[in-house]
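Below is one structure, written out as structure tokens; comments come after it.
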2 protein chains.
Amino acid sequence: PPGRKVLIVYAHQEPKSFNGSLKNVAVEELSKQGCSVMVSDLYAMQFEPRATRSDIVGCLHNPEQFNYSVETWEAYKRGSLSSDLVEEHKKVQEADLLIFQFPLYWFSMPAIMKGWMDRVLVQGFAHEFPNCYDSGLLKNKLGLFSFTTGGSKEMYTKESINGDIRYLLWPMQHGIMHFCGVKVLAPHICFAPEHVSEEKRKEMLTAWAQRLKTLWKEEPINCSSEWYFK
Amino acid sequence: PPGRKVLIVYAHQEPKSFNGSLKNVAVEELSKQGCSVMVSDLYAMQFEPRATRSDIVGCLHNPEQFNYSVETWEAYKRGSLSSDLVEEHKKVQEADLLIFQFPLYWFSMPAIMKGWMDRVLVQGFAHEFPNCYDSGLLKNKLGLFSFTTGGSKEMYTKESINGDIRYLLWPMQHGIMHFCGVKVLAPHICFAPEHVSEEKRKEMLTAWAQRLKTLWKEEPINCSSEWYFK
């Protein structure tokens, strides 16, 4: 609906890729609804995935022994995180909905996107004990993982060697998003777009646009172990 | 035993950290056994986690539309992967055992180590359909995930909000290592070293050294969904 803000965190090297098209479809459809859409195009930004001392501007809390989570927490509180993190914080803070668009790499997200999680979701900003899970600091936001796979749908069932696709969603949806209080919408999965016809790929893009039309009416999933492993 | 080769892939920014000590203990104990030990110290190497066009030297197979997995597969076959990947391939090829040493970040490995997986385990080198899972190209190697957590052991049970620690091992042990044919040894987990006494930390280091003494007699786990979710 008009006024809603969306951040799309997007990780693909090639604008002409199917992931690029899924991202474009989302920008287009959500803009058409009157949403304001921000995109973090991680490869285009050459986003830094490594969690290092460079994320803290100026002096360290304890220069004798570098502890990344302590140092970034302290730096967040005194406003001395590196500018790329401050930029991402602004976008996340504004957003009502976070969409993560990526190709599945090794049962997970590409390293460049994992680096976004590792570096952006700083203690103090995204969580701060006891404010985690349902009381995480990003509560009142929605999150959605939209990704493509190499294997077909049949290859990701309980009985197949890859196991149920939900098994691999646990660390991402529950361990990251739910931990920060984000309410998780059902994932959007395009299975094996490289192995289907051009026509089928177009249908997949249309289906994504269709889903986005009624996305704001969706209820979040019940993000507990039952959803993943029962 | 003498002659065995081990590669430790290590991801911590601080040599004086507990992860650094665990890495040192492993180097020391395995060397004492007569093993030859290689270490990929990812932060010290400033290892690149991003999967980009730079991983391919010279011309692309299809410069019109960049496809990372196709391009790296082709580049592997014609010997034109970037030199950092060639270096890692040599180490992996030589190794009988791969140890991954890291602090758990967001129910998974730090982005810099995920980047090692994304970039080093190239098709053609680590797997090549139908050579995956038990017939993956790295069969005859052993793999072991050794990591530290922020939370205590009691916080990672089926009944607790974090769920069983094994749930989060699925993408790493099964989705990556097993997929490449690597036989997975039981993980070595040090729970919450930052929240225990100096004495308890020393015990943890000793326990790791002890385990390594008889590591070569261990049987791999039965890396199927039962191990993780039953």
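Source: prediction; values computed, not measured. In what follows, chains are A, B, ... by sequence order, proteins preceding strands, each numbered from 1.
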Hey, which of [options] has the most heavy atom pairs under 4.5 Å with chain A?
options	answer
B:Phe66, B:Phe47, B:Tyr68, B:Tyr167	B:Tyr167
B:Ser108, B:Pro110, B:Ala51	B:Ala51
B:Met117, B:Met172, B:His178	B:Met117
B:Leu168, B:Leu121, B:Ile112	B:Leu121
B:Asp164, B:Thr52, B:Ile161, B:Ile176	B:Ile161

* To do: Determine, step by step, whether A:Trp227 and A:Leu169 satisfy the side-chain contact (heavy atoms from CB on, under 4.5 Å) criterion, reporting the C-alpha distance in whole Å, the side-chain angles of both residues, the deciding distance to 0.1 Å, and the verdict.
  => CA-CA 10 Å; A:Trp227 190 87; A:Leu169 289 166; 4.1 Å; yes
Look at the aromatic rings of [X] and [Y] and report parallel, tilted or perpendicular, splitting at 30° and 60°.
X	Y	result
B:Phe102	B:Phe147	parallel
A:His174	A:Trp170	parallel
A:His89	A:Phe125	parallel

Part of [X] lying under 4.5 Å from any heavy atom of chain B:
X	answer
A:Glu194	side chain
A:Phe229	side chain
A:Asn162	both
A:Tyr43	side chain
A:Phe179	side chain
A:Tyr133	side chain
A:Cys180	side chain

* Is the centre of the A:His127 ring less than 6.0 Å from the centre of the B:Trp106 ring? -> yes
* Asked: Does NZ or CZ of A:Lys77 lie under 6.0 Å from the centre of the six-membered ring of A:Trp73, at an angle within 45° of the ring axis?
  -> yes
* **Cationic N near anionic O, under 4.0 Å, A:Lys139 to A:Asp134** => no
* Structure fact -> Heaviest contributor of heavy-atom pairs below 4.5 Å to chain B, chosen from A:Ser17, A:Pro15, A:Cys132, A:Pro171, is A:Pro171
* Please state whether the side chain, the backbone, both or neither of B:Met109 comes within less than 4.5 Å of a heavy atom of chain A. => backbone
* Asked: Under a 4.5 Å cut-off applied to non-hydrogen side-chain atoms, are A:Leu98 and A:Val9 in contact?
  -> no
* **Contact check, side chains of B:Leu137 and B:Glu128, non-hydrogen atoms, under 4.5 Å** => yes
